[in-house]
Amino acid sequence: MESKKYTIKKSVVGEAERRVFKINYERDLNPDQLEVVRTIDCPVLVIAGAGTGKTKTLIYRVAYLVELGGNPRSILLLTFTRKAADEMLKRAASLLKSASAEQVAGGTFHSFANMTLRQHAKVLGYGEQFTILDDSDAADVVNLLRTRLRPEKKSQRFPKKETLIDLYSKSENTLTPIEEIVFKEYPRFIEQMEDILKLKRQFDEYKRKYNLMDYDDLLKNLKELLSQNESLRKTVAGKFNYVMVDEFQDTNKVQGEIVRLLGMDKENVMVVGDDAQSIYSFRGANFRNIFEFPNYFPGCKVIKLTENYRSTQGILNFTNKVIEAAKEKFDKELYSRKKAGDKPVIVAAETENVQSKFVVQRILELREAGITLNDIAVLFRSSYLSFDLEIELTRANIPYVKFGGMKLVDAAHIKDIISFLRVIENPRDAVGWHRILLLHPGVGPRIAEKILDNLTSQRAENIPAPEEHEAKIPSSAEELIGFISEEGRRKSQPVEYVESVLRYYQPLMQSKYDDYSKRQKDLEMFASIAERYKSLQSFLSDLALEPPTESVVDLGEKDKKEEQITISTIHSAKGLEWNSVFVIWALDGKFPSMYATDDDDAIEEERRLMYVACTRAKDNLYITYPMNTYDRESGRIFTKPSRFIDVVPQDFYEKWNLVFE
DNA sequence: TGAATATAAATTTTT
DNA sequence: TTTATATTCA
């Protein structure tokens, strides 16, 4: 007898399911995704492999919550970059055909911390107009204190400023004592332990005294705020009925704590992550946060997304093999319903330049085959690895944008301008003062420090008139002090400050840099960015937390509508996808980098990095390496392909040998 | 004697 | 492009 299918409808139909939705969730999502979207009354941990529609699921969940009638402002979406948050909210809004989703509170942990701390900094003994130090600013401070601490050089070698910053940052982000890290990772500096600890104390004191916070302080202080003051925690956390965190595998311990503190009352947290894509441990990220989540939130539901919608099965077979070799991972074999497609291609080029030429030629062929340039990307381990390629691309007239590496705000002349603005906003910003004082003839580190001492000891908020200073100070520096105090008294738009600073800076720049006309363009660009802001404070915060991504190279004449390929570091390619992807420099010694070869954890991270790179591809994946590379550092010649692709069996890829006509 | 400038060396990934 | 060291200047 023929049996008939009869489905029993869910007998308990919640309020949510009875209402009429604008969006057809059942049609648009697969069952796992649907469950993620509809589970809103308990903590949720989503393990989402590469390309499994993680972003889509988040967008639908935001839309769903908004459709349920919740106030969008009571939803908090924490993402890895603010661009990602904006993008998601925009897509949610267009799904709903209403702008209400754009009111959802979204951003990075750092920008969220910034917002919250601006309101409550007083509780921690900070002023609300604190300045955010970027990495190089923090390094400058450490350097200043470092030379002060050790005036005459002792026989022993003391860690360089970058090493110190690294060390301190790791300690803060992993909640590990400095001693332990020195013992484990920098045993050669054990002897200097005392000075290292002392310098850290001075560093913290300095920042507090001058009202400065570095990236780590933002997180640390937010955590402190939430954990030490119960009523304040209730106020802050109470604003959010739902908290969602993207890229949870790349959060560190402090961020994990913040999530816990925000979610502990309402049990309303959802996090999404993939342990196989954790690539930020150098910054203190720990993918084990994912596995500890159920301990923090005992009632949590774990949902796995394993159907891949991005890549062909041919590419997936390959990437599954790449990650299979990982030491510690969670088994989840990804599968796809897309056609088998072409196998990935591995190309051994003779030299770097041959590699570049291959990439260029292949891009042109793909273009011929109808793939738009916007759907092609070239990825690499370190930003300098693309230099040769960039030359060839330019020669072939292929337009490109580069992500990662040098940013507009890293350029020396832009940092100068920013320092002026920072000092106007926060007169206690010693780092900014230091930088702009040194621009003036006759002022070196010593005199700058003297001037700073005068400024800070005599004044709380206002800058004294120049006459009060000792005669030693060069007239140019007095002029500067006069200029800043005048600007500080004005209340104007950011762009007006920028314009007057530019007028002041012009002669200084012309004497400092020979190529000032080139730099002039950057300054104009900078002024036009300033136009978008209403307050100097928000402008400066954004510059530190979410700097404009365009590198100096591609500013200017670029037409936005023009088709262009993307070239990017793998780190900056996180979360993105293209039809065709080239991974260049897959050469053992460069990728994994030499630095990593003697550390198991580092090797594992590099492996995940390779995995992330390869899983960006939808249809075509090319992996190339130059066979003849002389490494100046070690004096060795690298010839082998990356060990991460070498472990993949031959029949999972094609090998192309380059022949010249 | 101390501070400014000229010279030489070196370079992962990012909020 | 930036940073440690050597040299010159007041």
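Numbers restart at 1 for each chain; the letters A, B, ... are given by sequence-line order, proteins then strands.
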Visitor: Rounded to the Å, how far apart are A:Phe403 CZ and B:dT14 C1'?
Guide: 15 Å
Visitor: Taking the basic N atoms (NZ, or NE/NH1/NH2) and the acidic carboxylate oxygens, is any pair closer than 4.0 Å for A:Lys220 and A:Glu172?
Guide: yes
Visitor: What nucleotide, of B:dT15, B:dT12, C:dT3, holds the atom closest to the side chain of A:Arg381?
Guide: B:dT12
Visitor: Would you call A:Lys200 and A:Asp204 a salt bridge, taking side-chain N to carboxylate O under 4.0 Å as the test?
Guide: yes
Visitor: Enumerate all atom pairs, one protein N or O and one N or O from nucleotides 1-3 of chain B, separated by less than 3.5 Å.
Guide:
| residue | atom | partner | partner atom | Å |
| --- | --- | --- | --- | --- |
| B:dA3 | OP2 | A:Arg446 | NH1 | 2.3 |

Visitor: Consider the side chain of A:Thr108, meaning its heavy atoms from C-beta on, and name the nucleotide among C:dT3, B:dT15, B:dT13 that approaches it most closely.
Guide: B:dT15
Visitor: Taking 4.0 angstrom as the limit, do A:Arg435 and A:Asp416 come out as a salt bridge?
Guide: yes
Visitor: Whole angstroms only, please: what is the CG-C1' distance between A:Asp137 and B:dT15?
Guide: 14 Å
Visitor: Given atom CZ of A:Arg435 and atom P of C:dT3, what is their separation to the nearest angstrom?
Guide: 9 Å
Visitor: Does the distance from a Lys or Arg side-chain N to an Asp or Glu carboxylate O, for A:Glu87 and A:Lys90, drop under 4.0 Å?
Guide: no
Visitor: Check the distance between B:dT11's P and A:Phe380's CZ and give it to me in whole angstrom.
Guide: 20 Å
Visitor: Whether the A:Ser541 and A:Ser538 side chains hold a donor-acceptor pair (N or O, under 3.5 Å, no angle test) is what I'd like checked.
Guide: no
Visitor: What is the distance, to the nearest angstrom, from the OH atom on A:Tyr384 to the C1' atom on B:dT12?
Guide: 8 Å
Visitor: For A:Asp216, answer base if it contacts any base atom (sugar-phosphate contacts may also be present), sugar-phosphate if it contacts only those atoms, and nothing otherwise; contact means non-hydrogen atoms under 4.0 Å.
Guide: nothing
Visitor: Calculate the interatomic distance between A:Asp135 atom CG and B:dT15 atom C1'; express it in whole Å.
Guide: 8 Å
Visitor: Establish, with yes or no, whether the OP1 or OP2 oxygen of B:dT15 is under 4.0 angstrom from a side-chain nitrogen or oxygen of A:Thr81.
Guide: no
Visitor: Compute both the distance and the angle, then confirm whether A:Lys207 meets the cation-pi test with A:Phe203: under 6.0 Å from the six-membered ring centre, within 45 degrees of the axis.
Guide: yes
Visitor: Is there a residue in residues 280-289 of chain A whose heavy atoms reach under 4.0 Å of DNA chain B, and which residues are they?
Guide: A:Tyr280, A:Phe282, A:Arg283
Visitor: Start at the 5' end of DNA chain B and walk down; is the nucleotide closest to A:Leu545 or to A:Ser382 reached first?
Guide: A:Ser382
Visitor: Check the phosphate of B:dT14 against A:Thr569, side-chain N and O only, distance under 4.0 Å to OP1 or OP2. Yes or no?
Guide: yes
Visitor: For A:Phe130, does the six-membered ring have the charged nitrogen or CZ of A:Arg118 within the cation-pi criterion, i.e. under 6.0 angstrom from the centroid and within 45° of the normal?
Guide: yes
Visitor: NE2 of A:His440 versus P of B:dT5: gap in Å, rounded?
Guide: 13 Å
Visitor: I want to verify a distance call: between B:dT13, B:dT15, B:dT14, whose nearest atom is closest to the A:Ser383 side chain?
Guide: B:dT13
Visitor: Looking at A:Lys161, I'd like to know if its NZ atom is crowded, meaning that more than 12 non-hydrogen atoms belonging to other residues, nucleotides or ligands lie closer than 6.0 Å.
Guide: yes
Visitor: When you measure from the side chain of A:Lys161, which nucleotide among B:dT15, C:dT3, C:dA4 comes out closest?
Guide: C:dT3
Visitor: Compare the minimum distances between each of B:dT15, C:dT2, B:dT13 and the side chain of A:Tyr215, then state the nucleotide with the smallest one.
Guide: B:dT15
Visitor: So A:Phe112 and A:Phe240, would you call those rings parallel, tilted or perpendicular, with 30° and 60° as cut-offs?
Guide: perpendicular
Visitor: May I have the distance from A:Lys574 (atom NZ) to B:dT13 (atom P), rounded to whole angstrom?
Guide: 16 Å
Visitor: So that I can tick it off, tell me whether A:Asp137 and A:Arg422 are bridged by a salt bridge, with the cut-off set at under 4.0 angstrom between side-chain N and carboxylate O.
Guide: yes
